[in-house]
Structure formats: structure tokens, C-alpha cells
Amino acid sequence: QVQLVESGGGLVQAGGSLKLSCAGSGRTFSAYAMGWFRQAPGKEREFVASISWNGDSIYYSDSVKGRFTISRDNAKNTEYLQMNSLKPEDTAVYYCAAAQRPRATMIDRPPDYWGQGTQVTVSS
């Protein structure tokens, strides 16, 4: 089992950048596929990005492709989401996620573990 804690959310103007971090507990962090989801008010939670256990497979939603970058540092038990060129429609609670299958994409099946979420607000 892994516990996930996000940080780095906040308020930013449109066109700005933020970097989210997700710290995972446990010695098996490197065995999990990791990902990010988001949920805007009144909308369902949606997939943002995922990365395989060793970082060699990465997937993005079309809405963030080219603007967001997912990465991980297994030595630090941490994954990241660098968000550039932010838009007001990126405003949401962002959730870190982990899947026990090391190459899970999280596109077709939900992850196994969730963080508590961090708020990102982009003002116009």
C-alpha cells in the first residue's frame, strides 16, 4: 500500500506556471505507475497524465499535451507535474494517483490509490 500527499497548488494568472509534487510513502513506490487527475467544480474527475514505473512510458490528455510535463524521481519517492501556459479552464483540484500495475496508463482503468488533492486556480 502507498500513501500519497500532494503539494504545490495555488493561485496563478493565466499564462503562468506551477509545479505540483506528490510524495509517496513506502519502499515500493518505484514499483507503481503514477499519475495525475483533476476535478473541476460540477464536473467529473478526469485523467491528466500518467507515467510508468521507470518513466519510459508517458501519456497525456489532449487538453494538457504540450503544456504539462509529468516526471518522477524514484530515489525521492516523488512524482511531479510541471504545468506551463496555464489557462482558466485548468482550474481544478488536482489528485495524485498510483496504480499497482507498473505500466498502467490509468486511461482505461482507475488507479488503486489517491492523494487528498491540491487546489489549482488560474485567474484570467
Do [X] and [Y] come within less than 4.5 Å of each other through their side chains, counting heavy atoms only?
X: M34; Y: C96; value: yes
X: R103; Y: N54; value: yes
X: W53; Y: T28; value: no
X: W36; Y: C22; value: yes

(request) May I have all residue pairs that pass side chain to side chain donor-acceptor pair (under 3.5 Å) and include part of residues 4-18, sequence neighbours excluded? (result) E6-Q116, S17-N84
Without swapping roles, check the side chain of [X] against the backbone of [Y] for a donor-acceptor pair under 3.5 Å.
X: Y32; Y: S52; value: no
X: R109; Y: T105; value: no
X: T78; Y: K76; value: yes
X: D112; Y: R101; value: no

(message) Check whether Y95 forms a cation-pi arrangement with R45 (NZ or CZ under 6.0 Å from the six-membered ring centre, at most 45° off the ring normal).
(response) yes
(message) Using side chain to side chain contact (heavy atoms under 4.5 Å, CB included), reason through L11 and V122 one step at a time and then give a plain yes or no.
(response) CA-CA 6 Å; L11 174 65; V122 184; over 6 Å; no
Nearest heavy-atom pair of [X] and [Y]: which atoms, and what distance?
X: A31; Y: P102; result: O-CB, 3.3 Å
X: V2; Y: S25; result: CG2-O, 3.1 Å
X: F29; Y: N74; result: CE2-OD1, 3.6 Å
X: A98; Y: P111; result: O-CB, 3.4 Å
X: A14; Y: P88; result: CB-CD, 4.1 Å

(message) Using 0.5 Å steps for rounding, measure from the CG atom of L81 to the OG atom of S71.
(response) 8.5 Å
(message) Working to the nearest 0.5 angstrom, can you tell me the gap between L18 CG and M83 CE?
(response) 4.5 Å
(request) Determine whether the side chains of Y94 and Q119 contain a donor N or O and an acceptor N or O closer than 3.5 Å. (result) no
[X], [Y]: one ILVMFWY side-chain cluster at the under-4.5 Å cut-off?
X: Y80; Y: M106; result: no
X: I58; Y: V64; result: yes
X: V48; Y: V93; result: no
X: I51; Y: Y59; result: no
X: L4; Y: I70; result: yes

(message) Closer than 4.0 angstrom, basic N to acidic O: yes or no for R38 and D90?
(response) yes
(request) Taking atom CD of Q82 as the centre, report whether more than 12 heavy atoms of other residues, nucleotides or ligands fall under 6.0 Å from it. (result) yes
(request) Anything under 30° is parallel, anything over 60° is perpendicular, the rest tilted; go ahead and classify W114 against F37. (result) perpendicular
